[in-house]
There are 2 protein chains.
Amino acid sequence: MDETIAMLRARGIQPTQQRVAVLRHILKVMEHLSADEVLAQVRRECPMISRATVYNTLNLLVRKDLLRTQILKEGTVVFDRNVSPHHHFIDEASGRIYDIPWSALKVSGEKSLEGYEIREYQVVMRGRRRGQK
Amino acid sequence: MDETIAMLRARGIQPTQQRVAVLRHILKVMEHLSADEVLAQVRRECPMISRATVYNTLNLLVRKDLLRTQILKEGTVVFDRNVSPHHHFIDEASGRIYDIPWSALKVSGEKSLEGYEIREYQVVMRGRRRGQK
DNA sequence: GTTCGTGCAAACGGTTTGCAACAAT
DNA sequence: ATTGTTGCAAACCGTTTGCACGAAC
């Protein structure tokens, strides 16, 4: 049985060919893709998919908590398959975004902020990846 | 003597009427404005300013380190008059962005991230402002 | 009289929307 | 038959660009 289809069904989403292709692709690649990147890449395997369907599908998956959007790049939103709290590092040379595990960093002091009801937070780091790839 | 004009001169920028109006407005308001918001608000005092000039001016001021851009909202960049390290809180109800002083939060663990050369980082918090206004 | 700055309109890129054709139930 | 899904094209919105007019050195 197909895990991607099961995920969609579990959220009450009809597993159409296009939706399965989109979700399957995102779960496969490790990158944080923009909608247009998803479109281009999914089209290789599923040529008859339209821009509108990709956008519709991605927004649907976000609404159903299978994906999250992140505001990390100028001009475009990226979709994150990791829906649990974590931090981000953005390589300024390549633009590539890396997930940093929640446990790798510790933020303190946020409880003493008066008047701010924090629903969620993350550390956003920018710089350069060094060494390996 | 005018402080705004002095700031521009110090950076070798010709203090034209439009540039002074843009910078003066940004230094006056406390908000993190988008370019179009700057345009709309500056036009009240300086009606004969064009969209292109506002965008040109803002980009120039960023290039000369008088402003910083921040990627915090979907679909638009905001301009930050605070060019020193600090954190941000975004009120999800109003969209308003608040500066959080660098000293209010402490992040630890970032030195032990192997392979990541961090040039800068900040904590981005989202939630609701409580109480006063 | 060059250089620099401005205003306008067109172009651009990411995203959304309206709508007609088409499945699926 | 009704509802949900897709593809296409047009619309939209923030931003950039090309170009001609005008101001400043």
Side-chain angles (χ1 to χ4, degrees), chain A residues 4-5 8-9 11-26 31-43 45-64 66-80 95 97, chain B residues 4-5 8-9 11-26 31-43 45-64 66-80 95 97:
Chain A
T4 311
I5 294 178
L8 291 169
R9 286 233 168 83
R11 296 298 206 282
I13 304 173
Q14 257 190 58
T16 67
Q17 207 182 315
Q18 292 88 332
R19 286 167 177 174
V20 173
V22 167
L23 181 54
R24 189 160 12 229
H25 184 77
I26 294 211
E31 314 268 327
H32 295 67
L33 300 175
S34 70
D36 270 4
E37 286 168 344
V38 172
L39 172 65
Q41 296 176 18
V42 168
R43 262 201 175 143
E45 300 148 23
C46 179
M48 255 307 284
I49 192 170
S50 72
R51 175 173 265 98
T53 298
V54 170
Y55 276 88
N56 285 340
T57 300
L58 289 170
N59 289 337
L60 177 64
L61 297 178
V62 169
R63 230 177 301 124
K64 299 293 189 178
L66 286 170
L67 299 178
R68 277 209 49 176
T69 56
Q70 296 283 352
I71 303 174
L72 296 169
K73 298 178 109 163
E74 191 174 329
T76 182
V77 159
V78 297
F79 293 87
D80 198 337
I97 298 168
Chain B
T4 311
I5 294 178
L8 291 170
R9 287 235 168 83
R11 296 297 206 282
I13 305 173
Q14 256 191 59
T16 67
Q17 208 181 315
Q18 292 87 335
R19 286 167 177 174
V20 173
V22 167
L23 181 54
R24 197 173 348 243
H25 184 77
I26 295 211
E31 314 268 325
H32 294 66
L33 299 175
S34 70
D36 270 4
E37 287 168 342
V38 172
L39 173 65
Q41 296 176 18
V42 168
R43 262 201 176 142
E45 302 147 21
C46 178
M48 254 307 284
I49 191 168
S50 72
R51 175 175 264 98
T53 296
V54 171
Y55 277 89
N56 285 339
T57 300
L58 290 170
N59 289 337
L60 177 63
L61 297 178
V62 168
R63 231 177 302 125
K64 300 291 190 179
L66 286 170
L67 299 178
R68 276 210 48 177
T69 56
Q70 296 283 353
I71 303 174
L72 296 169
K73 298 178 108 161
E74 192 174 328
T76 183
V77 159
V78 297
F79 294 86
D80 196 339
I97 298 168

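Lettering follows sequence order; numbering is per chain, from 1.
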statement: The nucleotide from C:dT15, C:dA9, D:dG7 with an atom nearest the side chain of A:R51 is C:dT15
- request: Identify which nucleotide among D:dT15, C:dC8, D:dT5 has an atom closest to any side-chain atom of B:A35, counting heavy atoms from C-beta outward.
  value: D:dT15
Between P of D:dT5 and CG of A:L61, the distance in whole Å: 12 Å
statement: Testing C:dT6, D:dT6, C:dT15 for proximity to the side chain of B:T53, the answer is C:dT6
- prompt: CZ of A:R9: more than 12 outside heavy atoms within 6.0 angstrom?
  reply: no
message: Using the side-chain heavy atoms of B:Q14, tell me which of these nucleotides is nearest: C:dC4, C:dT15, D:dC8.
response: C:dC4
Residue pair B:I26 / B:L58: nearest heavy atoms and the distance that separates them: CD1-CD2, 3.6 Å
- prompt: Roughly how many Å is it from CD1 in B:I49 to P in C:dT6, rounded to a whole number?
  reply: 8 Å
field: Residue B:Q18, side-chain heavy atoms: nucleotide from D:dT15, D:dA24, C:dT6 that is nearest
entry: C:dT6
- request: Among C:dT16, D:dT15, C:dT17, find the nucleotide with the atom closest to the side chain of A:Y55.
  value: C:dT16
task: Whole angstrom is fine here: how far is it from CG in B:L33 over to P in D:dG14?
output: 14 Å
- prompt: Mapping A:T57 and B:N59 to their closest nucleotides on DNA chain D, which lands nearer the 5' end?
  reply: A:T57
- request: With rounding to the nearest 0.5 Å, note down the distance linking NZ in B:K64 to CG in B:L8.
  value: 11.0 Å
message: Both A:N56 and A:D36 contact DNA chain C. Taking the nearest nucleotide for each, which residue is further toward the 5' end?
response: A:D36
- prompt: Are more than 12 heavy atoms from other residues, nucleotides or ligands located less than 6.0 Å from atom CD of A:Q17?
  reply: no
- prompt: Looking at the side chain of A:T16, which of D:dT5, D:dA24, D:dG7 is the nearest nucleotide?
  reply: D:dT5
query: After noting the C-alpha distance and the side-chain angles of A:L39 and A:R43, does the key distance pass the side chain to side chain contact (heavy atoms under 4.5 Å, CB included) rule?
result: CA-CA 6 Å; A:L39 172 65; A:R43 262 201 175 143; 3.9 Å; yes
task: Nearest whole angstrom, please: distance from the C1' of D:dG4 to the CZ of A:R9.
output: 15 Å
query: Separation of A:K73 atom NZ from C:dT15 atom P, in whole Å?
result: 11 Å
task: Starting at atom CG of A:L58, determine the distance to atom P of C:dG14, rounded to an integer number of angstrom.
output: 14 Å
statement: A:Q17 CD to D:dG7 C1', in whole Å, measures 14 Å
query: Side chain of A:R19: nearest nucleotide among D:dT15, D:dT6, D:dT17?
result: D:dT6
